[in-house]
Amino acid sequence: MRTILKSVVAALLIATAFGCQAAGSVNGANQGNTAAQASENIVWPKPPDAARIRYVRSIAAPADVGIKRGFFGTIIDVLASRQEDRFVRPTGVAESDGAIYVADPGAQALWIYDAPRQASIAVRQLGDDTLTSPVAVTPQREGRAYVADSISNKIFLVDREGKLVSTIADGALQRPVALAWDASSDRLYVADAVGQQIVVYGSGGNRILSWGSRGTLNGEFNIPAYVTISRTGEILVTDTLNYRVQAFDPNGKFLWKMGRQGDGSGDFASPKGVAIDAEGHLYVVDALFDGVQIFDRGGTLLLGFGSRGRAPGEFWLPTGTFINGRDQIYVADSYNQRIQIFEFVGDSNGSHPAETAKR
């Protein structure tokens, strides 16, 4: 009798596992088709103008990038009534060689979605340190990435498997909130929101230089919240409460600035993530506008996309952004608990009128 009972239970488990997988496959296929259709239809500016930005897809869980749960893992999940890991409040995102890195302080984790290797990793413990507020991430070389914890005030370098490589524990660092790594110089640029400065570290984690202080003059900051590096080597910093983006050379010499406070097209209300595409266009995420605005180097608004909502191409308090070498635009849609991906599909400096983000 016990043997029969065990056989029945085993059969039920196997059936349940295969049932879950089959359902997931069908749903995933339908979602994939829907996403593909949506990506063709959601563009900016709207027709009849030529499309410049196209929505590609959204990511909230490993299945969204094609990472499948293993057979035995599925059985364990069913028995434990365990739900799939999902983003909670993503604020930083980066991509390198097909692997997507997401800093999620809501989940107190660095997520690594490595579709080419069919691996999904939630990094919460690094050596003796537990991630408390991982807010920013930037790729380094060979699948490695830096992640900043704004509570422990430490910066960790991890490999593609989520293993700790090294730690920057600079006692003078007060609140690291943004990171950008320069491959040409092997320098790491860190925005320190409380210290009101940009701090630069060498490959060994040694502090090389820093610049900035609280204020409104050129080279001064009022909450430097995000940092990126242009393809010409300029260091771009979102100076959030001065409602502007400032540009510097690699050693901190002020070069130029753009932006102004306001509630109209081309203004800033709460500028967050900043990134640059291959043609030098400047993308600035604005959390209060729930959108992304695209500017030329002189600060002229070229295009905007996004509005408040939960549908594809809509945002709820977006924060970080990242543009990869293929001009795919990743946006951390924080309170929608997802990463949205778009692509630049044409020269947005043409003669068409700029479509601006709805307020």
Exercise for review: Report the residues that fulfil ring-ring contact (aromatic ring centres under 6.0 Å, His included) with Phe268, sequence neighbours left out, ordered by chain and then residue number.
Suggested key: Phe295

Exercise for review: Sequence neighbours left out, what passes side-chain hydrogen bond (donor to acceptor under 3.5 Å, both in side chains) with Ser203? Give chain and number order.
Suggested key: none

Study note, to complete from the structure: In terms of heavy-atom contacts, Glu220 and Gly215 come closest through OE1-CA, 3.2 Å

Review point. Is Arg338 salt-bridged to Asp64, cutoff N-O under 4.0 Å?
Key: no

Check your understanding: Less than 4.0 Å between a side-chain N and a carboxylate O, is that true for Arg160 and Asp114?
Key -> yes

**Study point:** Note, Arg187 side chain near Ile208 side chain (heavy atom, < 4.5 Å)
**Key:** yes

Point to revise | Test salt bridge (Lys or Arg N to Asp or Glu O under 4.0 Å) applied to Lys154 and Asp129, step by step | key: CA-CA 9 Å; Lys154 293 180 180 180; Asp129 292 287; 2.8 Å; yes

Review point. Counting only N and O atoms by type, is there a donor-acceptor contact under 3.5 Å from the side chain of Glu234 to the main-chain atoms of Ser230?
Key: no

Review point. Which atom pair, heavy atoms only, marks the closest approach of Gly309 to Asn336?
Key: O-ND2, 2.9 Å

Practice item. Keeping the roles fixed (side chain from Gln140, backbone from Gly143), state whether a donor-acceptor pair exists under 3.5 Å. Key: no

Point to revise | Closest non-hydrogen atom pair, Leu282 against Ile276 | key: CD1-CD1, 3.6 Å

**Study point:** Which residues share a side chain to side chain contact (heavy atoms under 4.5 Å, CB included) with Asn222, sequence neighbours left out
**Key:** Gln196, Arg214, Asp239, Leu241, Asn242

Study note, to complete from the structure: Applying side-chain hydrogen bond (donor to acceptor under 3.5 Å, both in side chains) to Gln340 and not counting sequence neighbours gives Asp333

Exercise for review: Side-chain contact test, heavy atoms from C-beta onward, threshold under 4.5 Å: evaluate it for Tyr113 versus Ile59 and give yes or no.
Suggested key: yes

**Study point:** For Phe221, all residues meeting ring-ring contact (aromatic ring centres under 6.0 Å, His included), sequence neighbours excluded
**Key:** Phe248

Review point. With sequence neighbours excluded, what pairs up with Trp256 under the ring-ring contact (aromatic ring centres under 6.0 Å, His included) test?
Key: none

Check your understanding: Closest heavy-atom contact between Arg175 and Asp192?
Key -> N-OD1, 2.9 Å

Exercise for review: Show your reasoning for whether ring-ring contact (aromatic ring centres under 6.0 Å, His included) applies to Phe342 and Tyr283.
Suggested key: CA-CA 12 Å; Phe342 306 83; Tyr283 294 65; 9.8 Å; no

Review point. Can Ser334 and Thr91 be counted as having a side-chain donor-acceptor contact under 3.5 angstrom?
Key: no

Study note, to complete from the structure: What one should report as the nearest heavy-atom pair of Val331 and Pro318 is CG1-CB, 4.0 Å

Review point. Atom CG in Asp286, atom NZ in Lys272: separation rounded to 0.5 Å?
Key: 9.0 Å

Check your understanding: Who pairs with Thr238 by side-chain hydrogen bond (donor to acceptor under 3.5 Å, both in side chains), at least two apart in sequence or on another chain?
Key -> none

**Study point:** Arg54 bridged to Asp327 by N-O distance under 4.0 Å
**Key:** no

Practice item. State which residues pass side-chain hydrogen bond (donor to acceptor under 3.5 Å, both in side chains) with Ser58; sequence neighbours excluded, sorted by chain then number. Key: Tyr55

Practice item. For residues Val93 and Ala332, report the shortest heavy-atom separation together with the two atoms involved. Key: CG1-N, 4.3 Å

Practice item. Could you tell me whether Asp267 and Arg260 have a side-chain N and a carboxylate O separated by less than 4.0 Å? Key: yes

Practice item. With sequence neighbours left out, write down each residue that passes side chain to side chain contact (heavy atoms under 4.5 Å, CB included) with Gln125, or none if nothing qualifies. Key: Thr130

Exercise for review: Output the rest of the hydrophobic cluster of Leu110: all Ile, Leu, Val, Met, Phe, Trp and Tyr residues reachable through side-chain heavy-atom contacts under 4.5 Å, sorted by chain and number.
Suggested key: Tyr101, Ile112, Ile121, Val123, Leu126, Leu131, Val137, Val147, Phe156, Val158, Leu164

Review point. So, Trp181 and Asp186: side-chain donor and acceptor under 3.5 Å apart, yes or no?
Key: yes

Practice item. List in chain and number order the residues that pass side chain to side chain contact (heavy atoms under 4.5 Å, CB included) with Glu161, two or more places apart in sequence or in another chain; answer none if no residue qualifies. Key: Arg117, Asp159, Lys163

**Study point:** Under the ring-ring contact (aromatic ring centres under 6.0 Å, His included) test, residues paired with Phe254 that sit two or more places apart
**Key:** none

**Study point:** Under 3.5 Å side-chain donor-acceptor pair for Ser152 and Thr132
**Key:** no

Check your understanding: Below 4.0 angstrom, N of the basic side chain to O of the carboxylate: do Arg52 and Glu343 qualify?
Key -> no

